[in-house]
Amino acid sequence: MPDQHLTMPAPPHRQTLTLRDLCTALVESGEITQADADRILTANLGSASSGDRGQPRHPLELVAIAALTSQNDGRTLDIERLTQWLGRWAGQDYYHIDPLKIDTPAIARVMSYAFAQRHGILAVEISQDEVKIASAEPFKREWESNLRQAVRKNIVRVVANPEDIRRYTVEFYQLASSVSKASGGQAPGAAASQNFEQLLDLGANKNPDANDQHVVKIVDWLLQYAFDQRASDIHIEPRRNVTQVRFRIDGVLHNVYEFPEHVGIAVTSRLKILGRLNVAEKRRPQDGRIKTRKPDNREVELRLATMPTAFGEKMVMRIFDPEVLLKSFEELGFGKEDRERWQTITSRPHGIILVTGPTGSGKTTTLYSTLKQLASPELNICTIEDPIEMVEPAFNQMQVQNSIDLTFDQGVRALLRQDPDIIMIGEIRDLETAEMAVQAALTGHLVLSTLHTNDAPSAITRLMELGIAPYLIRATVLGVMAQRLARVLCPHCKQPGEADPQAWQTLTRPWKAPLPRQFYHPVGCLECRNTGYLGRAGVYEILSLSDKLTRQITDQCELEQLRLDAYKDGMKSLRLSGAQKVAAGQTTVEEILRVTPESQR
């Protein structure tokens, strides 16, 4: 920042920072004017200094509320910028507390909750030789000698946002306490002395029940934490002696927590109860659903899937946000040309439309969004899914039930007797389902479905491999769209840089696309959790079967030739579609190369 080389004021006389000390120092460093300081001091006399639950607010928070503009660089002095400035004043590094990188059990063992609360400090990093302690009171030092003697390590002081310290001190210690008590141990910082009855209680709690209050708290924290971190999936994975929790955020898995083995079992059992699964059955995979609410009170649905593994029962929860259905094609990442091609294909009255891509590439979201756009009171839209991923009132949705022989092909057969206009089949995975899809298309229905192939032309050869005759494919398939999800650069911190001709050529060959003026690169900030990326958008390859391409579909059809003819007919490859997003500054070459298949080179 421009002001970091300016002379900083002398430290205050008192160890505890007051609002007057802070305002005086901000004026001396040129960040605010004396008039601004007087206005803040006048506004915060008396009761105005009380924060949540009657706790006094930190002086930094009171200045941040005023939303003043820095006299040095013209930027708003929010709580984070003020915290960074405080760090420079105190000669200590600024530290952003990222819950994904905090070893909660370890930091809870460094000091008791009471000690952390009393001094307004929080351990954030622990190594073999030192402990990093975050505080919003950088001039207070009376606790240092006691803590140094207790941990027998060097203390490294850093400055952190007072709001974060207050929030995470409560959250981290509550979680560590719940896990410890569910494990049958002491809460961090608890008294060492216990009577005989307490020891008996702890012994009885060696294998906690799924309805144990501490297990309930852990599950509540886990779900709310996942929502807060924008996770799309929660993985609870048993390992040898521990249970690992991971979140998938913007398509990438992050380690979050490790529970003791029996606590992990209790957490999984609790989630199975919420999802109405058979808690006693651990040898067979099961599926279920949970409906809950986010912190902002919006309803959200989770799909549960369990699987037996070598070390126990693994569970994955996929989080479905109903607001995804309200997204337009532009918000999903469709360019103008892609949108027009897709709408031309889906506006046809009958035929088969396929969406392809690997698991987690957004196929179901695209199908739901397309059906939502097509839905009207004049149309009967029916779906057969395994399982129903998002419940939508505008559709008639049926779930596959293999236990009673309600398979995809049986489901389509039943749907055809329901006078449908549009049918959505969750996935074509065998000949019987493919034949029913063809039959539905030949009898005047529009059929949408998914296939697992690497690109759009491969869907044609995949249908032939399943056993569908080429003449039936020519008569029914209208188009195929392959897609991937690429992370989008964070708009708050992305930085322009020089374009790399070699990387661009790798991305766009064999086409000769003009080199953009510049590339944008990920940096990392608070908004994107220091990843440099914020959210994901689709990259699409749309194959519209023209008369010329349809004639290519024969018993002697070669995939490579079909792909080349499709490119000549106007289809853009996944990588070329991704290159447009790179040129527009939305993502990076590395990200597109990561998510698109080798065959696209």
Salt bridge (Lys or Arg N to Asp or Glu O under 4.0 Å): which pairs involve residues 420-433, sequence neighbours left out?
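The answer is D386-R429, E427-R429.
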Salt bridge (Lys or Arg N to Asp or Glu O under 4.0 Å): which pairs involve residues 231-245, sequence neighbours left out?
D233-R318, E237-R239, E237-R246, E237-K314
Taking distance alone, no hydrogens or angles, what donor-acceptor pairs closer than 3.5 Å link side-chain atoms of residues 468-476 to residues at least two apart or in another chain?
residue, atom, partner, partner atom, Å
R474, NH1, I553, O, 2.5
T476, OG1, L472, O, 2.7

Rounded at 0.5 Å granularity, tell me how far CG in D409 sits from OG1 in T433.
4.5 Å
Point-to-point distance, once rounded to the nearest 0.5 Å, from CZ of R536 to CZ of R487:
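Reported value, rounded in 0.5 Å steps: 9.5 Å.
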Listed partners of [X] passing side-chain hydrogen bond (donor to acceptor under 3.5 Å, both in side chains), at least two apart:
X: Q580; result: none
X: T268; result: none
X: R270; result: N211
X: Q483; result: T366

Locate the shortest heavy-atom distance separating [X] from [Y]; write the atom from each residue and the value.
X: H214; Y: S178; answer: CB-O, 3.5 Å
X: L304; Y: G275; answer: CD2-CA, 4.1 Å
X: V480; Y: A456; answer: CG1-O, 3.6 Å
X: G264; Y: T243; answer: CA-OG1, 3.4 Å
X: A537; Y: K581; answer: CB-CE, 4.2 Å
X: P238; Y: T309; answer: CG-OG1, 3.6 Å

Within the distance-only criterion (no hydrogens, no angle test), does the side chain of [X] pair as donor or acceptor with the backbone N or O of [Y] below 3.5 angstrom?
X: Q552; Y: T554; answer: no
X: D250; Y: G535; answer: yes
X: S449; Y: I425; answer: yes
X: R289; Y: I388; answer: yes
X: H235; Y: R248; answer: no
X: Q229; Y: A226; answer: no

Residues that [X] engages under side chain to side chain contact (heavy atoms under 4.5 Å, CB included), provided they are two or more places apart:
X: I592; result: A486, L507, V539, V582, T587, T596
X: Q418; result: none
X: R417; result: R413, A414
X: T508; result: W504, A513, L576, A579

Any chance you could lay out the side chain to side chain contact (heavy atoms under 4.5 Å, CB included) test for E385 and M398, step after step, and finish with the verdict?
CA-CA 6 Å; E385 304 169 61; M398 176 165 59; over 6 Å; no
Holding to ring-ring contact (aromatic ring centres under 6.0 Å, His included), I want the full list of residues that pass it with Y540, two or more places apart in sequence or in another chain.
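Testing Y540 for ring-ring contact (aromatic ring centres under 6.0 Å, His included), a comparison that skips the adjacent residues, returns F334.
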Would you say [X] and [Y] make side-chain contact, with heavy atoms under 4.5 Å?
X: L274; Y: L302; answer: no
X: P285; Y: P308; answer: yes
X: P99; Y: E171; answer: no
X: F227; Y: I319; answer: yes

Atom [atom1] of [X]: over 12 foreign heavy atoms under 6.0 Å:
X: R276; atom1: CZ; result: no
X: E558; atom1: CD; result: no
X: K294; atom1: NZ; result: yes

With L448, which of T370, L354, I381, I352 fulfils side chain to side chain contact (heavy atoms under 4.5 Å, CB included)?
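In the set T370, L354, I381, I352, the residue that makes a side chain to side chain contact (heavy atoms under 4.5 Å, CB included) with L448 is T370.
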Can you tell me if [X] and [Y] form a side-chain donor-acceptor pair at under 3.5 Å?
X: Q561; Y: D565; result: yes
X: N380; Y: N396; result: yes
X: T550; Y: D547; result: no

Before giving the answer on side chain to side chain contact (heavy atoms under 4.5 Å, CB included), spell out for T306 and L271 the whole-Å C-alpha distance, their side-chain angles and the decisive distance to 0.1 Å.
CA-CA 10 Å; T306 67; L271 288 164; over 6 Å; no
Run the numbers on Y257 and Y225 for ring-ring contact (aromatic ring centres under 6.0 Å, His included), then give the verdict.
CA-CA 11 Å; Y257 206 92; Y225 187 28; 8.9 Å; no
Before giving the answer on salt bridge (Lys or Arg N to Asp or Glu O under 4.0 Å), spell out for R303 and D287 the whole-Å C-alpha distance, their side-chain angles and the decisive distance to 0.1 Å.
CA-CA 7 Å; R303 190 186 79 197; D287 293 303; 5.5 Å; no
Are C382 and I422 close enough, and set up right, to give a side chain to side chain contact (heavy atoms under 4.5 Å, CB included), and what steps lead you there?
CA-CA 6 Å; C382 298; I422 300 173; over 6 Å; no
